[in-house]
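Note that these values count all heavy atoms, side chains included, but never hydrogens, waters or copies made by symmetry. Just so it is clear: chains get the letters A, B, ... in the order the sequence lines come, proteins before strands, and each one is counted from 1.
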Amino acid sequence: MAEDKYSKIMELAKRRGFFWPSYEIYGGVAGFYDLGPYGVLLKNRIVEKWRRFFVADHSNYVVEIETPIIGPDKVYIASGHVENFTDPIVECLKCGRKFRADHLIKNALGIDVEGATPEEMTNIIRENNIRCPVCGGPLGEVRTFNLLFKTQIGPYEGNTGYFRPELAQGMFVAFKRVYEAMRSRIPLGIAQVGRVGRNEISPRQAMMRLREFNIMEMEYFMDPEDPEGSCPFFYRRENARLRILPYNLKVEGGEPVEYTVAEAVDEGVIIHRCLAYWMAVANDFIQSIGVPYSEIYFEEKGPKERAHYSSQTFDQLVRVSRWGWVEVSGHSYRGDYDLSRHMKFSGQDLTVFKPYPEPRVETRTEYFVDKAYVGRTFKSRAREVFRLLEGVGQEELARAVREGKPLKLGDIIIPPDAIKTKNVKVKISGKKYIPHVVEPSFGVERVVYVAFEHAYREKEGRVILSFPRDIAPVQVAVLPLVEEEPLLKKAMDVYHLLRESGFYAVYDDTGSIGKRYARYDEIGVPAAVTIDFQTLEDDTVTVRDRDSWRQVRVPVTVLPEKLKLYINGASLEELGEPVNS
RNA sequence: GCGGCGGUCGUCUAGCCUGGACUAGGACGCCGGCCUGCCAAGCCGGAGGUCCCGGGUUCAAAUCCCGGCCGCCGCACCA
């Protein structure tokens, strides 16, 4: 069992201003957390890194949008959340356990009560004397519980709005607009970072399960008939390795198995290469925030564990000290569920057009009524007959011919032999279809917490947050060796130089130098620049590495460029001459 | 929502069982001054506490009792 870092992290996070429970002065409210000054910096860097991996690195195919957090009820009726997020719940009056009322009735009586009102279900339970399946106690009234936060849009009752429980609907609803703005090309990834709300029954585990949190998500739209073309960058990660626990292995209690991305697709472990590709990106992303490969795996969800829209889902799990494996992202194949639903509920055409490489010419037989016959037969009423014939489809004409029965239009009767046929050539240049969707979706706060877990360490009784340098909240601390002029002025100059060069830097001259090094180790600042007496002679400073505590001496003139290399991963020794201490 | 355990300066904690001398003590951190020539040094001074909230018992409650809130653990829940 790994040591429990949880309480140490929570203590540090509160004390140093990373995060803490919200509304503390009013006693707190479960499921809400504030991010403090360093927490916000850290979160922003993590989000920025996610953008690099998922958006910028695929900028020809992936774009980012922002949509409102409150949506009209229609959107969430169409998405299925109003229906599927509302559970009829009944509580045992004796032991207090809660059950799904519909499941209870089905198990007890074998009848399906889908669509029944809570009152009807309560009556069924009373009439059949259904008791608590655990303790045998009596059951209370059936109530509905919905995880959606509900509100009103504008002053009118009944104009219901919901706080979005996921970002996805924003992308689906705006899909057509984005698709056209991005010059109607598929595949197209639409990404978004933002807040969502889920009214969890009992949130717990600090930042791991919140009622309001941030998600980084992408809906990747593609042609289901063209798996190859859907993932033009597949080759870039086809040999990447993933640890996967397929559902069939999971139920047997098996361990994750390592596959390359290509193997997982070829062997059918992952049903679509796009799903596999983005899982590989997720794997790289989570490693880049400091989690080792061996502490990550993907677990397939079983049919009943999946969301209502998904045909395959993997959770990306990361090991943390207190709770074992926790979910940091979900990877779902959503098919065309969402777009189809929005087409149906909005009446809008959300299909895309796929041109064929070569327009196809098809020959079709068309039926038509002989105009000469109509004119001859109906004379002055002919015009009226033509108008009536406009409402008659090919189907009907064909049937009349096939069955040899006359066509009746009110009192007008047209015999089958007045219906002629002709062969016409039709040019078909493509077809319409509803794109399928693959969705990688990350919980931001979980990633933040996981970054903490893997950054936290202790050395010689001191705490160090060894964040990867490029997500560290503060990048560099500028410290005069002692609180004495002209060191202070020189240090200020260096501080301003670094700020102007784009670094997030802090300046600190209080207490002893050792105390300040310790202070910045504890908030994870990767580099400490010290201005000492030699600086006054040759304009060089020392750069100290947070993790090794080693130092090198660097001329101030090249400090910004050297530090930039360092933040991006260069070793300390690449920056300058080692200082012997 | 149920059950178990817990909640005391910013943080960690002593005190609670056995009510009173607690004006709630300490450590770290924080602020100011002196000092400090490279890894939480030292000295002086300072700020900081609704003892989670509400009610009850009592002459007297951080301490006992009840309710609530919050946290952790187990159960249920977690599209």
*Evaluate the criterion salt bridge (charged side-chain N to carboxylate O under 4.0 Å, His left out) for residue pair Glu166(A) and Arg164(A); output intermediate values, then yes/no.*
CA-CA 5 Å; Glu166(A) 59 173 18; Arg164(A) 60 186 176 188; over 6 Å; no
Going by purine N1 to pyrimidine N3 plus the second Watson-Crick contact, or the G-U wobble pair, all under 3.5 Å, which nucleotide sits opposite [N]?
| N | answer |
| --- | --- |
| G74(B) | C2(B) |
| C43(B) | G33(B) |
| G48(B) | none |
| A21(B) | none |
| A62(B) | none |
| C12(B) | G26(B) |

Any donor-acceptor N/O pair, [X] side chain to [Y] backbone, under 3.5 Å:
| X | Y | value |
| --- | --- | --- |
| Arg211(A) | Glu200(A) | yes |
| Glu522(A) | Arg519(A) | no |
| Gln316(A) | Ala282(A) | yes |

Rounded [atom1] spacing from [N] to [M] in Å:
| N | M | atom1 | answer |
| --- | --- | --- | --- |
| C31(B) | G15(B) | C1' | 29 Å |
| A24(B) | C53(B) | P | 15 Å |
| U50(B) | A62(B) | P | 14 Å |
| C22(B) | U8(B) | C1' | 12 Å |

When all nucleic acid strands are considered with a 4.0 Å heavy-atom cut-off, which category describes [X]: base, sugar-phosphate, or nothing?
| X | value |
| --- | --- |
| Pro165(A) | base |
| Glu483(A) | base |
| Glu460(A) | nothing |

Does OP1 or OP2 of [N] have a side-chain N or O of [X] closer than 4.0 Å?
| X | N | answer |
| --- | --- | --- |
| Arg322(A) | C73(B) | yes |
| Tyr6(A) | C72(B) | yes |
| Trp549(A) | C38(B) | no |
| Ser512(A) | U36(B) | no |

*asked:* Go nucleotide by nucleotide along RNA chain B from the 5' end; which of Arg519(A) and Gln534(A) gets its closest nucleotide reached first?
replied: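 This one resolves to Arg519(A).
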*With RNA chain B as reference, determine whether Thr510(A) or Glu537(A) sits nearer its 5' end, using the nearest nucleotide of each.*
Thr510(A)
*Kindly point out which of C39(B), C2(B), U11(B) is positioned nearest to the side chain of Arg204(A)?*
C2(B)
_Test log, rule side-chain contact (heavy atoms from CB on, under 4.5 Å), inputs Met208(A) and Tyr449(A)_ = CA-CA 8 Å; Met208(A) 304 306 286; Tyr449(A) 182 78; 3.7 Å; yes
*asked:* For C39(B), does the base pair up with any side-chain atom of Arg462(A) as donor and acceptor (N or O, under 3.5 Å, distance only)?
replied: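 Answer yes: a donor N or O sits under 3.5 Å from an acceptor.
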*Per the atom types in the model, does the base of C70(B) pair as donor or acceptor with the side chain of Glu24(A) at under 3.5 Å?*
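For Glu24(A), whose side chain was compared with the base of C70(B), there is no donor-acceptor pair (under 3.5 Å).
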_Per-pair stack call Tyr517(A) and A40(B), 5.5 Å, 30°_ =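 Whether judged by distance or by angle, Tyr517(A) falls short somewhere, so it does not stack on the base of A40(B).
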_Option from Arg544(A), Lys459(A), Arg546(A) for which salt bridge (Lys or Arg N to Asp or Glu O under 4.0 Å) with Asp521(A) holds_ = Arg544(A)
